[in-house]
Amino acid sequence: MFDHKETLFHVTSQLSRRLANGVRESLAPLGLHPAQFTALAEIGDREGLTQAELALRLELEQPGVARTLAGLLDDGWIEKSTLKGRAQGLYLSDKARKVLPDAADAVARADRAAMASLSRTEAAQLIDGLSELVAANRM
């Protein structure tokens, strides 16, 4: 008989929810949510990118990215500056520059805690395997 609990969908849904909760708890004292951290980390890696470029880099839809950016802008985490034409580049604010290293540390700690039961080799294999699945299932 088919057991839905032994499907990739079920297992990854359970894991995703638990990991998201762990990261959310780690970031809460810094005043950030996981989606905000991810956007800030990407902007920090390449300041000046546009909203459309960020959406592509994150592989997310524009409306969700727009909502996250609106919140980051309202809360003073990012700034926008007009580039050539009408496009606006995204930049970290001083507030974000101060907090982002601590946020990255918090996420890294949550990541290590989530994989604490795995050896380094097993953890690396898991990340590689999941990355292959993501690449194979891009839409």
Exercise. Can you find a heavy atom in the side chain of Leu60 that is under 4.5 Å from one in the side chain of Thr38?
Worked result: no
Taken to the nearest 0.5 Å, the spacing of Ile43 CD1 from Glu53 CD works out to 11.5 Å
In terms of heavy-atom contacts, Gly76 and Ser93 come closest through O-OG, 2.6 Å
When every non-hydrogen atom of Leu54 is compared with those of Leu49, the smallest separation belongs to CB-CD1, 3.4 Å
task = Check whether the side chains of Arg18 and Asn21 place a donor and an acceptor atom closer than 3.5 Å, and report yes or no.
result = no
- Check whether any side-chain heavy atom of Phe37 sits under 4.5 Å from a side-chain heavy atom of Val23, and report yes or no. no
Separation between CG (Leu32) and CG (Leu72), nearest 0.5 Å, reads 7.5 Å
Sorted by chain and number, sequence neighbours left out, side chain to side chain donor-acceptor pair (under 3.5 Å) with Gln36 holds for none
In a table with atom names and distances, give each donor-acceptor pair under 3.5 Å that connects a side chain of residues 98-113 to protein atoms at least two apart or in another chain.
none

Output for pair (Leu8 CG, Glu6 CD), nearest 0.5 Å, gives 12.5 Å
Closest heavy-atom pair, Ala96 versus Trp77, reported as atoms and distance to 0.1 Å, is CB-O, 3.1 Å
Sorted by chain and number, sequence neighbours left out, side chain to side chain donor-acceptor pair (under 3.5 Å) with Arg46 holds for none
query = Would you say the side-chain atoms of Gln88 and Gln51 include a donor-acceptor pair closer than 3.5 Å?
reply = no
For residues 54-71, the salt bridge (Lys or Arg N to Asp or Glu O under 4.0 Å) pairs (sequence neighbours left out) are Glu42-Arg57, Glu59-Arg138
> Are any side-chain N or O atoms of Lys95 and backbone N or O atoms of Asp75, one a donor and one an acceptor, separated by less than 3.5 Å?
Replying inline: yes
Smallest heavy-atom separation, Leu58 atom then Ala39 atom, equals CD1-CA, 4.4 Å
Show the atom names and distances, to 0.1 Å, of all donor-acceptor pairs under 3.5 Å that link a side chain in residues 123-136 to residues at least two apart or in another chain.
| from | atom 1 | to | atom 2 | distance (Å) |
| --- | --- | --- | --- | --- |
| Ser131 | OG | Ile127 | O | 2.8 |

When rounded to the nearest 0.5 Å, the distance separating CD of Glu47 from CG of Leu90 is 9.5 Å
Residue set satisfying ring-ring contact (aromatic ring centres under 6.0 Å, His included) with His10, at least two apart, ordered chain then number -> His4
Closest non-hydrogen atoms of Leu118 and Glu122, given as atom of the first, atom of the second and distance, are CA-OE1, 3.4 Å
